[in-house]
Colleague: 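Below are the structure tokens for one structure; questions will follow.
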Amino acid sequence: MHWHLECMNEYKQKIIEYFGYWPAFCDGHILSCNKDENNLTLNIDYIDSGKSLRAEVEITFHSIFDVNIEKFINNSVIHSLTILSGNNHWVTIDPCFGFCGSFKCRGIETKLVKT
């Protein structure tokens, strides 16, 4: 299967409108991680100190499969969150501390919870 970096998807729109770009969420604190049988939702407190912007971003990954993730640990911090897309999305979460892993999903939805 061919994977490529995603240029623009609908799920990115609200985040790009607020920050001016799609972040890698480097140094973002994972406030919560909720997983059910088919979906995974992350709430991330992300700060762009250069632009003095801060937001809580909720990202829901729908219909997850090929899941290889660590158990969520309080105070987890992201080094990078990478999304590659083809027929599905391949998500990789690299940690500074705590929660990490990879999985594939069929859809992604984002919300700005607090700005």
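Just so you know, these numbers use all the heavy atoms, side chains as well, and skip hydrogens, waters and symmetry mates. This chain uses plain numbering: 1 for the first residue, then up along the sequence.
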Colleague: Could you measure the distance from the NE2 atom of His29 to the CD1 atom of Ile47? Nearest 0.5 Å is fine.
Modeller: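 Taking NE2 in His29 and CD1 in Ile47, the distance rounds to 8.0 Å.
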Colleague: For the residue pair Lys51 and Gly20, what are the closest heavy atoms and their distance?
Modeller: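 The pair with the smallest heavy-atom distance is NZ-CA, 4.0 Å.
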Colleague: Evaluate the side-chain proximity of Tyr46 to Ile15: yes if any heavy-atom separation is below 4.5 Å, no if none is.
Modeller: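 Counting from C-beta outward, Ile15 and Tyr46 never come under 4.5 Å.
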Colleague: Do Ile73 and Phe99 make a side-chain contact, defined as non-hydrogen atoms from C-beta onward lying under 4.5 Å apart?
Modeller: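 Side-chain contact under 4.5 Å: no.
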Colleague: Using a 4.5 Å cut-off on heavy atoms from C-beta on, say whether the side chain of Thr41 contacts that of Glu58.
Modeller: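 A side-chain contact exists here, since the closest heavy-atom pair is under 4.5 Å.
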Colleague: In terms of hydrophobic clustering (I, L, V, M, F, W, Y; side-chain heavy atoms under 4.5 Å; direct or indirect links), are Trp22 and Leu53 co-clustered?
Modeller: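 In one cluster with Trp22: Leu53, yes.
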Colleague: Return a table of donor-acceptor pairs under 3.5 angstrom between the side chains of residues 63-70 and protein atoms on other chains or two or more places apart.
Modeller:
from	atom 1	to	atom 2	distance (Å)
Asp66	OD2	Lys104	NZ	3.2

Colleague: Quick one: CZ on Phe97 to CG on Asp27, what's the gap to the nearest 0.5 Å?
Modeller: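 Atom-to-atom, Phe97:CZ and Asp27:CG are 14.0 Å apart.
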Colleague: Mind checking side chain to side chain donor-acceptor pair (under 3.5 Å) for His79 and listing every partner two or more places apart, or none if nothing turns up?
Modeller: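 So His79 forms no side chain to side chain donor-acceptor pair (under 3.5 Å) with any residue.
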Colleague: Could you check Ile59 against Ile108 for side chain to side chain contact (heavy atoms under 4.5 Å, CB included), going step by step and ending with a plain yes or no?
Modeller: CA-CA 7 Å; Ile59 306 174; Ile108 302 171; 3.9 Å; yes
Colleague: Classify the ring geometry of Phe19 against Tyr21: parallel below 30°, tilted from 30° to 60°, perpendicular beyond 60°.
Modeller: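 Judged by the thresholds at 30° and 60°, the geometry between Phe19 and Tyr21 is tilted.
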Colleague: How about NZ on Lys35, more than 12 heavy atoms from neighbouring residues, nucleotides or ligands closer than 6.0 Å, or not?
Modeller: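 Result for NZ/Lys35: enclosed.
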Colleague: Please report the shortest heavy-atom distance between Gly98 and Ser76, naming the atom on each side.
Modeller: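 So the two residues come closest at CA-OG, 3.5 Å.
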Colleague: Between Ile78 and Ala24, which heavy-atom pair has the shortest distance, and what is it?
Modeller: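 Heavy-atom minimum between the residues: CG2-O, 4.0 Å.
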Colleague: Within a strict 4.5 Å, meaning less than it, do heavy atoms of the Val57 and Leu112 side chains meet?
Modeller: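 Result yes, sub-4.5 Å side-chain heavy-atom pair found.
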Colleague: Roughly how far, to the nearest 0.5 Å, is CZ of Phe61 from CG of Asn39?
Modeller: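 Here the interatomic distance stands at 11.0 Å.
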Colleague: Among Ile93, Asp94, Thr92, exactly one meets side chain to side chain contact (heavy atoms under 4.5 Å, CB included) together with Ser102. Which residue is that?
Modeller: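 Among the candidates, only Thr92 passes.
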Colleague: Measuring only between side-chain heavy atoms, which start at C-beta, is Leu81 closer than 4.5 Å to Leu42?
Modeller: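 Yes, close enough: below the 4.5 Å cut-off.
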Colleague: Taking all atoms of both residues into account, what is the closest heavy-atom pair of Arg54 and Tyr18, and its distance?
Modeller: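 Looks like O-OH, 3.0 Å.
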Colleague: Considering all heavy atoms of both residues, which atom of Gly50 and which atom of Asp48 are nearest to each other, and what is their separation?
Modeller: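 Heavy atoms only, the tightest pair is N-OD1, 3.0 Å.
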Colleague: Tell me, do His89 and Tyr11 make a side-chain contact under 4.5 Å, heavy atoms counted?
Modeller: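 When only atoms from C-beta onward are counted, Tyr11 and His89 do touch, with a gap below 4.5 Å.
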Colleague: For the OG1 atom of Thr60 and the CD atom of Glu109, what is their distance to the nearest 0.5 Å?
Modeller: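 One finds 5.5 Å between OG1 of Thr60 and CD of Glu109.
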Colleague: Can you tell me how far the CZ atom of Phe103 sits from the CG atom of Asn88, to the nearest 0.5 Å?
Modeller: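 With rounding to 0.5 Å, CZ (Phe103) is 12.0 Å from CG (Asn88).
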Colleague: Please report the interatomic distance SG(Cys96) to CG(Asn75), rounded to the nearest 0.5 Å.
Modeller: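 Taking SG in Cys96 and CG in Asn75, the distance rounds to 13.0 Å.
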